Structure formats: C-alpha cells, structure tokens
2 protein chains.
Amino acid sequence: MESTSTRDPDLTRARILDAALALFVAHGVAAVSMRQIAEGSGVTKSLIHHHFGTKEALWGAVKAHAFSRYAEEQREALEARQTPDALLLETSVLRYFRFLQQRPEVVRLLAWIHLEADEGCSEMDAELVRLGAARIHEAQQAGLLRDDVNPTHVVTLFVHACNQWFTAKAHHSGWPGIGDDQAYLEDFLRIFMAGLVPPDPR
Amino acid sequence: MESTSTRDPDLTRARILDAALALFVAHGVAAVSMRQIAEGSGVTKSLIHHHFGTKEALWGAVKAHAFSRYAEEQREALEARQTPDALLLETSVLRYFRFLQQRPEVVRLLAWIHLEADEGCSEMDAELVRLGAARIHEAQQAGLLRDDVNPTHVVTLFVHACNQWFTAKAHHSGWPGIGDDQAYLEDFLRIFMAGLVPPDPR
DNA sequence: CTATCGACTGGCCGACCGGTCAATATGTCG
DNA sequence: CGACATATTGACCGGTCGGCCAGTCGATAG
C-alpha cells in the first residue's frame with residue numbers, strides 16, 4: 001500500500017534524482033556539490049551516498065532516468081501515427097520543435113551529455129532515429145521525398161536544427177535580424193521541405 | 001628586441017592562455033583547478049593570479065582571446081570573395097564545415113559558452129552573421145535564392161547544422177545508418193541548396 | 001517480544017579549492 | 001652603480017569538497 005511520509009526509499013530516490021537533475025542541468029556536474037543536492041532534495045548528504053554511491057554514479061543515474069523518460073515520450077508520439085504520410089515529416093519536425101521548446105532542461109541535458117562525449121547514451125535514442133529513418137525511407141519509396149539522400153541524415157539534420165536553435169538561443173538572440181522561435185521554425189520548414197521534394201523528372 | 005627564455009610576460013600570458021583554453025575546453029571551467037593550469041603552462045599558480053586576477057577573469061580572457069581569433073579568421077575568409085555569386089553560399093557552408101572539422105576546440109568552446117548563456121560573446125560573431133546575411137540578401141534580389149525566407153535564418157540554419165554535427169558527433173556516431181563527415185555534408189548541401197532555389201513562377 | 005535488515009543521521013577525515021602575501025629575482029632607467 | 005617597477009616564487013589561509021563510518025531509527029518477519 002501507499003506509505004506514510006517517512007521511510008519511503010523510492011520516493012527518496014525520486015526526490016534526489018529530481019533535485020540532482022535540476023542542479024546538474026543548470027550548473028553542470030562539476031559545479032554542483034553533494035551538499036547542494038542534499039539541501040535541494042531535503043535529505044542528508046550521507047543518504048545520497050547510501051542510495052547512489054559516488055557522485056559520478058548519481059550523475060549516471062540522473063542521465064539514465066531523464067533520458068529514458070524523454071526517449072519514451074518521443075517514441076510514444078512517434079508510434080501513434082495518425083497523419084497522412086505526406087505531412088508526417090513536417091508534423092514530426094513541428095512536434096519535436098515544440099517538445100524542446102517546452103522542455104528546456106532536455107536541451108541542456110543533451111548539451112552536457114554531448115560535451116562529455118558519452119557514447120553510452122546514444123543507444124537510448126538510436127531506436128528513435130531508426131524508426132524515423134524508416135518512415136522517411138517509406139516516403140522515399142512512395143515518391144513523396146527525394147531518394148538520393150540518406151534517411152538517417154534527414155532525421156539528424158532536423159534534430160540538429162531544432163536542438164542547436166534552443167541550445168544557442170541566448171547566444172544568437174543578439175544577432176541582427178534574427179526572429180523568434182516561430183519565425184525560425186517556419187523558415188526552416190520552408191527550406192527543409194522544399195529541399196526534400198523529388199526532383200522534376202523532366 | 002626578442003627576449004631570452006626568462007622574464008617574458010607576454011609569452012607567459014600566452015602560455016597560460018593556451019594551457020587554460022585546452023583544459024577548460026576539455027573538462028569545463030568548474031572541473032579545472034588553477035593548479036592544473038599552472039602545471040599545464042609551466043608557471044606558478046600565483047603567477048596566473050598576478051596576470052589575470054581571479055579564475056573567472058582568466059576564463060573571460062580565454063574566451064575573448066580564442067573567440068576573437070576565430071572570428072577574425074572567419075571574417076578574413078568571408079571578405080575575400082572571389083567566387084561567383086551563384087556558388088558563394090555553397091562554398092561558404094563548405095568552408096565553415098571544414099573549419100569546424102579541423103578545429104574541434106572551437107566547437108567545444110562554443111558549446112561551453114552556450115551552456116553559460118553568455119550573451120556577451122554574441123557580439124563577437126554578430127558582425128559575421130550580418131555580413132553573411134547581407135550576401136544572401138544580395139543573392140535573393142538577384143533572383144538566385146528564394147526571397148521568402150529571412151537571410152539571417154539561412155545563415156543561422158547552416159551554422160547550426162554544422163555546429164551540432166560536430167558537437168554531438170560522439171553521441172550520434174552510434175545511430176544506425178549514419179554516415180561520415182563527408183556524407184552528411186553532401187546530404188545537407190543537397191537539401192539546403194535545393195530548398196533555397198526560387199520557386200518556379202509558373 | 002526480539003532479531004534483523006535497510007533507511008537514515010551527524011560528525012569526521014584528508015585532500016583540494018581559490019586566493020593572498022611577503023619575499024625574491026630580474027630587467028630597465030637615471 | 002643604485003632605484004625602481006614588475007615578473008615570479010613558495011608558503012600559507014580559511015573554506016569546501018567527496019566520501020566514510022559508527023550508530024540510531026523503524027518496519028517487518030519469526
């Protein structure tokens with residue numbers, strides 16, 4: 001049954017993971033102390049060591065927890081296809097863009113993972129990419145998309161275009177003539193979709 | 001005249017900046033100690049404080065030094081236009097891609113700066129973006145590129161596509177079906193350039 | 001009731017942190 | 001040759017770090 005407020009190790013672990021994720025993502029692993037995480041999660045520093053061992057192990061658990069949840073959300077959205085094939089790619093880009101727009105912590109988590117060159121995390125979204133690439137391959141064979149480009153690169157390209165937009169947002173917000181999220185998304189989609197139509201056979 | 005091996009404050013500053021850049025870029029500012037920088041540059045820790053003050057000031061000097069050198073290189077290459085207008089954009093993308101390919105430390109430096117949300121650094125490449133956007137605007141008015149997209153977004157898009165490719169390389173190298181640098185670049189250029197041709201007026 | 005196991009606590013440790021400071025070495029100028 | 005500015009050094013400071021450990025608390029099983 002549901003436990004009372006005290007002595008709930010699962011809830012404790014969850015609270016530690018949440019606080020650690022927030023702090024790690026905001027300031028970086030090296031800049032966050034175990035004492036800060038303890039304070040942020042309302043538990044003792046020793047208890048964190050009891051549940052997760054070392055700080056590095058905690059970071060590993062945080063990554064696995066947050067990343068797998070994100071990957072699951074994305075897969076569910078991707079597998080529930082109800083749009084016609086011709087618009088599937090465009091709506092996928094749009095959904096991914098909105099997803100990152102509403103979850104800035106995912107963007108920063110990815111950025112930290114990239115800087116660590118953690119190849120282990122790539123397994124978690126490899127399945128997503130494979131799924132998306134398969135959809136694009138289908139559309140290519142149906143003549144809806146040009147077939148002289150690697151489907152995986154198509155997925156990679158739009159993921160990159162969305163990720164980097166939010167990653168570097170503070171930086172390029174000072175660039176002259178740049179627009180807001182919506183304006184960038186629309187221009188990207190114009191170029192991206194027009195660049196993928198099959199060439200006129202004539 | 002040229003000084004001997006001892007007592008060359010300029011050389012000392014340069015050595016400290018080089019060592020600090022390498023360490024900061026590799027491990028992040030918070031994870032690098034002044035003692036490590038001292039060891040890496042062959043000087044005393046106190047001497048670093050003497051020349052640069054605090055650790056944060058050193059990081060600022062490192063950013064300014066590396067970033068301005070990078071921006072200068074890019075501007076020189078951009079201002080020496082000798083290619084015909086029709087190919088300028090494609091060669092610009094190619095040059096920028098090769099530039100990042102040969103300077104992985106620039107890619108990582110940018111990634112760290114983005115995570116800091118340091119808006120001050122955006123002034124350094126804002127001029128570059130303005131210059132590139134102006135070239136694209138010229139090409140639009142000459143009818144070489146579609147004119148219903150923001151020129152700044154065109155620059156932003158290809159910068160993002162190149163940056164994120166190298167930033168996340170270790171991560172997406174595990175994705176199924178992904179190609180190498182050259183294959184990605186070619187596919188990106190196909191989509192990008194085809195997406196920018198003016199629509200058939202008929 | 002008692003034995004037992006895991007959740008949980010406070011205190012402690014050695015190592016290391018960024019930064020300071022007085023003292024010294026070295027080059028330059030009068 | 002001094003006098004002076006500054007590059008350079010090593011010792012040292014208070015504070016914080018991650019991790020450890022002995023021990024208490026609380027639920028559950030026998």
Side-chain angles (χ1 to χ4, degrees), chain A residues 1-65 112-113 115-116 118, chain B residues 1-65 112-113 115-116 118:
Chain A
M1 73 189 70
E2 288 303 314
S3 67
T4 64
S5 62
T6 65
R7 292 275 167 149
D8 186 337
D10 291 334
L11 179 65
T12 300
R13 287 176 61 99
R15 278 222 282 250
I16 294 171
L17 283 174
D18 286 345
L21 173 65
L23 285 166
F24 283 161
V25 155
H27 310 107
V29 179
V32 173
S33 71
M34 299 296 279
R35 285 165 176 85
Q36 286 177 272
I37 302 170
E39 193 176 356
S41 55
V43 302
T44 316
K45 178 170 68 77
S46 306
L47 194 53
I48 306 178
H49 281 107
H50 171 70
H51 280 299
F52 296 96
T54 70
K55 184 186 184 181
E56 194 180 332
L58 172 61
W59 171 229
V62 165
K63 277 190 292 188
H65 179 70
W112 289 114
I113 289 175
L115 275 169
E116 288 187 341
D118 185 342
Chain B
M1 70 189 71
E2 288 302 313
S3 68
T4 64
S5 62
T6 66
R7 290 276 167 146
D8 186 337
D10 291 334
L11 179 65
T12 299
R13 288 176 61 98
R15 278 223 282 250
I16 294 171
L17 283 175
D18 287 344
L21 173 65
L23 285 166
F24 283 160
V25 155
H27 309 107
V29 180
V32 172
S33 71
M34 298 296 279
R35 285 165 176 84
Q36 287 177 272
I37 301 169
E39 193 176 355
S41 55
V43 304
T44 316
K45 178 170 68 77
S46 308
L47 194 53
I48 306 178
H49 283 108
H50 171 71
H51 281 299
F52 295 97
T54 70
K55 184 186 184 182
E56 193 180 332
L58 172 61
W59 170 229
V62 165
K63 277 189 292 189
H65 179 69
W112 289 114
I113 289 175
L115 275 169
E116 288 187 341
D118 185 342

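So you know, we letter chains A, B, ... as the sequences are listed, proteins then strands, and number each from 1. Since the structure is predicted, the reported quantities are computational estimates derived from the model, not experimental observations. What's counted below: heavy atoms across the whole structure, side chains too, no hydrogens, waters or symmetry copies.
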Would B:Asp118 and B:Lys63 count as a side chain to side chain contact (heavy atoms under 4.5 Å, CB included) if you check the C-alpha gap in whole Å, the side-chain angles of each, and the deciding distance to 0.1 Å?
-> CA-CA 10 Å; B:Asp118 185 342; B:Lys63 277 189 292 189; 2.5 Å; yes
A:Pro9, nearest nucleotide to its side chain (from C:dT20, D:dT8, C:dA7) | C:dA7
In whole Å, what is the span from the CZ atom of A:Arg35 to the P atom of D:dG18?
-> 7 Å
Would one find a side-chain N or O of B:His49 under 4.0 angstrom from OP1 or OP2 of C:dC21?
-> no
Polar side-chain atom of B:Thr54 near backbone of B:Ala57 as donor-acceptor pair, under 3.5 Å | yes
Nearest-angstrom distance from the residue atom CE of A:Met34 to C1' of C:dC12 | 17 Å
Could you check which of D:dG18, D:dT8, C:dG18 has an atom nearest any side-chain atom of B:His50?
-> D:dT8
On a heavy-atom basis, the closest approach of A:Glu116 and A:Trp59 is OE2-NE1, 2.5 Å
Note: A:Lys55 and A:Phe24 closest approach over all heavy atoms is CE-CE2, 4.3 Å
Which whole-number value in Å describes the distance from A:Leu47 CG to C:dG11 P?
-> 16 Å
For the side chain of B:Arg7, counting heavy atoms from C-beta on, which of C:dT20, D:dA7, C:dC8 is nearest?
-> D:dA7
Counting heavy atoms from C-beta on, name the nucleotide in C:dC17, C:dT20, D:dC20 closest to the side chain of B:Lys45.
-> C:dT20
B:Thr12 has its side chain closest, among C:dA7, D:dT8, C:dG18, to D:dT8
Under 4.0 angstrom, heavy atoms only, what part of the nucleic acid is B:Ser46 near: base, sugar-phosphate, or nothing?
-> base
Testing C:dG27, D:dG18, D:dC25 for proximity to the side chain of A:Ser33, the answer is D:dG18
Side-chain N or O of B:His51 less than 4.0 angstrom from OP1 or OP2 on D:dT6?
-> no
Side chain to side chain contact (heavy atoms under 4.5 Å, CB included), paired with A:Ile37, selected from A:Leu17, A:Val62, A:Val32 = A:Val32
Looking at C:dG18, D:dG19, D:dT9, which one has an atom nearest to any side-chain atom of B:Lys55?
-> C:dG18
Tell me which nucleotide among D:dT9, D:dG18, C:dC8 gets nearest to the side chain of B:Thr44.
-> D:dT9
